[in-house]
Amino acid sequence: MAQEHYANALTSFDHVSFQEDLITWFLAEQRDLPWRKDQTPYKVWLSEIMLQQTRVDTVIPYFNRFVSSFPTLEALAQADEQDVLKHWEGLGYYSRARNFQSAVREIVSTYGGNVPADKKSFQALKGVGPYTAGAVLSIAFNKAEPAVDGNVLRVFSRLFAIADDIAEEKTRKAFEAVVATVMDKERPSEFNQGVMELGAIVCTPKKPTCLICPVRAHCQAYATGQEDVLPVKKKKKKAKEKHMTALVITDENGDWLIHKRPSQGLLANLWEFPNCETVNRAQLQKDQAMHWVEEEYHIHVEVNEHLLSVKHAFSHLVWNIDVFHASLQTPFEGREGLQFVSEEEILQYPFSVSHQKILHHIIEGERA
DNA sequence: AAGGCGGGGTT
DNA sequence: AACCCAGCCTT
């Protein structure tokens, strides 16, 4: 359908009237959000990173805590990565935090602490893609750049009744061109935020509330009754399930053994209880886990009672973790990334949510 | 172009 | 259970 449909849709579209209806509504109805108070490049940028694939309500407390601990670019640049990850704990997609700090360090070292206001330079930074670059440049610098996220794809696919698959990159590029044409070049910040706010509050994925929509008069999907079938998006594949066995290994002091995950891949640089993939058969998995820690960490343990089971779903896989208590049978000297820690110390380390569930369970057990 | 990368709220 | 969320990176 592509180009011709886009061109036809645009010719019969009243850009100025749409801009006016959208921005008037946004200025009157926008939510009071912490990153809208003081729109410095640093805070706008941080909010956009945190908001990637993450709901506003989830982000709010994380944003406030993060800004409180790292109030400036310089403060974040100087912070310890583990401390930054601790502030991101539970938010997910942890490479966002590591990439953001890396990019901020580059701002301080290469750009003298000033965020570049041109798209090419900004998008070259780690973790900054086309959406984030457009969002920061338009909101923090009022540059007329499109910022096409999931909301914008949904709103515009309905506005122009475009049935192209919004999961495809070529569709996103085409929408970027449409937004660049339609947007208010004098008020790019209000325009871009207005479209996203509309997508979040009114033009929702399911059951959009067209009757209160400020731009209903401009909407092709509403006019033709297609708001419930647009946008078109291809389905995701199902997550694969893995069965894991984790060990809570205690030494003679009652301290627990924890391990730092590799610096790349899933949950990079977060900490965990020693674990491996196993079969789902009680006695067999205890043996497998015992041999695994012997191979991997060169320690001998006795595996004891079952403590709990944790089911944890990621978007691309599911972990079913059986957790056992184990006791250390041989002397052990700590090393980088593998050490025994007390209950007090363990709370300083960043853990993924799945292993936080284990941690909370054994701390409860200590108290009981 | 497709898959990895988290976690939680809604329907 | 499926879908979605102010996406980006690697292969």
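This structure is a prediction, so every number in the text was calculated from the model and none was measured. Reminder, nothing fancy here: chain letters follow the sequence lines and each chain counts from 1. We use all heavy atoms of the structure for the numbers below, so side chains are in, but hydrogens, waters and symmetry mates are not.
- Map A/Leu33 and A/Val128 each onto its nearest nucleotide of DNA chain C; the residue landing nearer the 5' end is A/Leu33.
- To the nearest whole angstrom, the two C1' atoms, one in C/dC5 and one in B/dC5, are 14 Å apart.
- Between the side chain of A/Lys37 and the backbone N or O of A/Asp32, no donor-acceptor pair lies under 3.5 Å.
- For the pair A/Lys234 and A/His316, nearest-nucleotide mapping onto DNA chain B gives the more 5' position to A/Lys234.
- Spacing between B/dG6 and C/dC3 at atom C1', rounded to whole Å, works out to 16 Å.
- Within the 4.0 Å cut-off from OP1 or OP2 of C/dC8, at least one side-chain nitrogen or oxygen of A/Thr132 is found.
- Both the sub-6.0 Å distance and the 45° axial angle are not jointly satisfied by A/Arg172 relative to the ring of A/Phe175.
- Proximity of a side-chain donor or acceptor of A/Glu89 to a complementary backbone N or O of A/Phe351 within less than 3.5 Å is detected.
- Among C/dA6, C/dC5, B/dG7, the nucleotide with an atom closest to any side-chain atom of A/Glu197 is C/dA6.
- Distance alone, capped at 3.5 Å, places no donor-acceptor pair between the A/Glu145 side chain and the A/Asp118 backbone.
- Across all strands shown, A/Ser352 has heavy atoms under 4.0 Å from sugar-phosphate atoms exclusively, and none from any base.
- Checked against the 6.0 Å centroid criterion, the rings of A/Phe332 and A/Tyr297 do not qualify as a close aromatic pair.
- Counting atom types as modelled, A/Ser315 pairs a side-chain N or O with a base atom of B/dG6 as donor and acceptor under 3.5 Å.
- A donor-acceptor contact shorter than 3.5 Å links the side chain of A/Asp165 to the backbone of A/Ala167.
- The distance between atom CD of A/Gln123 and atom P of C/dC8, rounded to the nearest whole Å, is 8 Å.
- Less than 4.0 Å separates DNA chain B from at least one heavy atom of each of the following residues of residues 84-101 of chain A: A/Gly90, A/Leu91, A/Gly92, A/Tyr93, A/Tyr94.
- Looking at A/Glu168 and A/Lys170, a side-chain N of the basic residue comes within less than 4.0 Å of a carboxylate O on the acidic one, giving a salt bridge.
- For the pair A/Lys238 NZ and C/dC3 P, the interatomic distance rounds to 11 Å; values are reported in whole Å.
- Using a 4.0 Å heavy-atom distance criterion, A/Arg261 is classed as making no nucleic acid contact.
- Between A/Lys240 atom NZ and B/dA2 atom C1' there is a gap of 12 Å when expressed in whole angstrom units.
- Nearest-nucleotide positions on DNA chain B for A/Leu267 and A/Glu168 put A/Glu168 closer to the 5' end.
- The separation of B/dG9 from C/dC8, taken at their C1' atoms, amounts to 23 Å, rounded to a whole angstrom.
- Between A/Lys206 and the phosphate of C/dC4, there is no side-chain N or O to OP1/OP2 separation shorter than 4.0 Å.
- Between the side chain of A/Arg261 and the backbone N or O of A/Leu266 there is at least one donor-acceptor pair closer than 3.5 Å.
- Summarising the geometry, the separation between NZ on A/Lys233 and P on C/dC4 is reported as 5 Å, rounded to the nearest angstrom.
- Within 4.0 Å (heavy atoms only), A/Gly199 reaches no atom of the nucleic acid at all.
- The same atom, P, is picked in C/dC9 and in B/dG8; the two are 24 Å apart, to the nearest Å.
- Panel note: side chain A/Lys86, backbone A/Leu347; a donor-acceptor pair is recorded below 3.5 Å.
- DNA chain C is contacted by A/Glu48, A/Leu51, A/Gln52, A/Gln53 of residues 40-54 of chain A, taking any non-hydrogen atom closer than 4.0 Å.
- Atom-to-atom, CD of A/Glu169 to C1' of B/dA2 comes out at 12 Å; the value is rounded to the nearest Å.
- A/Trp88 and A/Tyr93 have their aromatic ring centers separated by at least 6.0 angstrom.
- Rounded to an integer number of Å, the gap from CD1 of A/Ile60 to C1' of B/dG9 is 14 Å.
- Between A/Leu270 atom CG and B/dG7 atom P the separation is 8 Å, expressed in whole Å.
- As rounded to whole Å, 10 Å separates atom P of C/dA2 from atom NZ of A/Lys235.
- Here A/Val59 lies out of heavy-atom contact (under 4.0 Å) with every strand.
- Contacts of A/Lys207 with the nucleic acid, taken as non-hydrogen atoms under 4.0 Å apart, are absent.
- Residues A/Arg187 and A/Glu20 are paired through a salt bridge, judged by an N-O separation under 4.0 Å between the basic side chain and the carboxylate.
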